[in-house]
Enquirer: 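The following block contains the structure, expressed as structure tokens.
Here, residue 1 is the first one in the sequence, and each next residue gets the next number. Just so you know, ligand 1 is whichever comes first in the structure, and atom 1 is the first atom listed for that ligand.
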Amino acid sequence: MLHVDDIQLSFGGVNALSGVSVHAEAQEITAVIGPNGAGKTSLFNVISGFYKPQKGKVVLDGQDISGLKPAARAYCGMSRTFQNIALFHGMNVLDNVKLGAHTKLKSGVLSAGFRLPMTRREERDLGHEIEKDIIGLLELDHVAHTPVEDLSYGLQKRVELARALVMKPKILLLDEPVAGMNREEKREMSRFVLDVRRNWQTTVLLIEHDMSMVMEISDKVVVLSFGKPIASGTPEEIRTNPEVINAYLGVGDEDTASSEAAE
Ligand SMILES: Nc1ncnc2c1ncn2[C@@H]1O[C@H](COP(=O)(O)OP(=O)(O)OP(=O)(O)O)[C@@H](O)[C@H]1O
């Protein structure tokens with residue numbers, strides 16, 4: 001489904017990624033983990049087109065998308081969320097979610113600017129689709145018309161997920177989806193990611209420090225350390241891999257794979 005092959009990315013003298021390959025199989029949830037500075041964010045930025053690597057390629061559903069800009073990758077069916085919440089204050093949930101739809105509307109920017117009838121019709125249809133499918137699935141109905149700034153942190157993250165889903169992506173990239181959440185919010189987010197995969201057969205690739213979430217929902221885990229892949233396998237294989245445990249030793253409790261995984 002998604003094949004990221006032999007990526008080399010450096011910033012000046014710093015090798016952020018060396019020989020990193022990740023394969024995300026269709027409809028699976030693949031997690032990329034690693035201690036701070038391991039290269040996870042850099043890898044996501046390469047996959048989504050924000051960084052151009054010195055070497056390597058990104059292939060989505062057989063199409064080499066390495067040369068495409070982020071927006072073009074979105075047209076190809078790739079959608080992502082970001083670590084920090086990036087919602088528009090002063091707008092309600094529904095309108096924020098609709099903003100994720102620009103690539104779905106057939107009419108161009110020009111007609112949208114003049115608000116021609118077709119655009120209004122498309123917007124209305126899309127609004128119905130969003131309310132029925134995405135808002136419903138992510139249980140945001142009760143806050144659909146609430147300004148986003150009035151929502152709890154967990155709900156705001158869920159709105160971001162909803163926005164990323166508007167284009168019905170083939171692959172969803174989640175950048176630390178449960179960072180900063182409490183236990184209950186984490187549990188809910190895990191459930192929603194699983195629901196999205198089950199309902200829409202979406203392939204998911206996520207970066208996450210929270211080992212209990214990773215171990216619970218992932219089909220496969222890829223481990224990076226100092227910009228290099230050191231292991232990949234099922235959560236169970238990763239949990240007991242001595243190289244992985246070593247990579248996490250001495251980087252603080254928050255990041256310790258073995259201790260958190262044991263929770
Ligand atoms: N824009 C940049 N300019 C220079 N160096 C960078 C840049 N982005 C990342 N790096 C370096 O690349 C390496 C990998 O960083 P990256 O942020 O990808 O790691 P990470 O695994 O996402 O870390 P964290 O878990 O802390 O978010 C680090 O040494 C970092 O300092």
Enquirer: I'd like the contact residues of ligand 1, where contact means a heavy atom below 4.0 Å.
Expert: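 Lining ligand 1 at under 4.0 Å, by heavy atoms, one finds Phe11, Val14, Ala16, Pro35, Asn36, Gly37, Ala38, Gly39, Lys40, Thr41, Ser42, Tyr51, His209.
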
Enquirer: Only counting residues at least two apart or in another chain, list the ones meeting side chain to side chain contact (heavy atoms under 4.5 Å, CB included) with Ser232.
Expert: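 Listed in chain order: Val222.
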
Enquirer: In this structure, are over 12 heavy atoms from other groups packed under 6.0 Å from Phe50 atom CZ?
Expert: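 Yes, CZ of Phe50 has more than 12 neighbouring heavy atoms, counting only those of other groups under 6.0 Å.
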
Enquirer: State which residues pass salt bridge (Lys or Arg N to Asp or Glu O under 4.0 Å) with Glu236; sequence neighbours excluded, sorted by chain then number.
Expert: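 Partners of Glu236 by the salt bridge (Lys or Arg N to Asp or Glu O under 4.0 Å) criterion, ordered by chain and then number, come out as Arg239.
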
Enquirer: Is there a donor-acceptor pair under 3.5 Å between the side chain of Lys186 and the backbone N or O of Ser212?
Expert: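 Checking the backbone N and O of Ser212 against the side chain of Lys186, no donor-acceptor pair under 3.5 Å is found.
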
Enquirer: Would you say that Ile135 contacts Leu94 through its side chain, given a criterion of any heavy-atom pair below 4.5 Å between the two side chains?
Expert: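 In short, these two side chains touch, coming nearer than 4.5 Å.
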
Enquirer: Do any pairs count as a salt bridge (charged side-chain N to carboxylate O under 4.0 Å, His left out) and have a residue in residues 1-23, sequence neighbours left out, and if so which ones?
Expert: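 The answer is Asp6-Lys55.
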
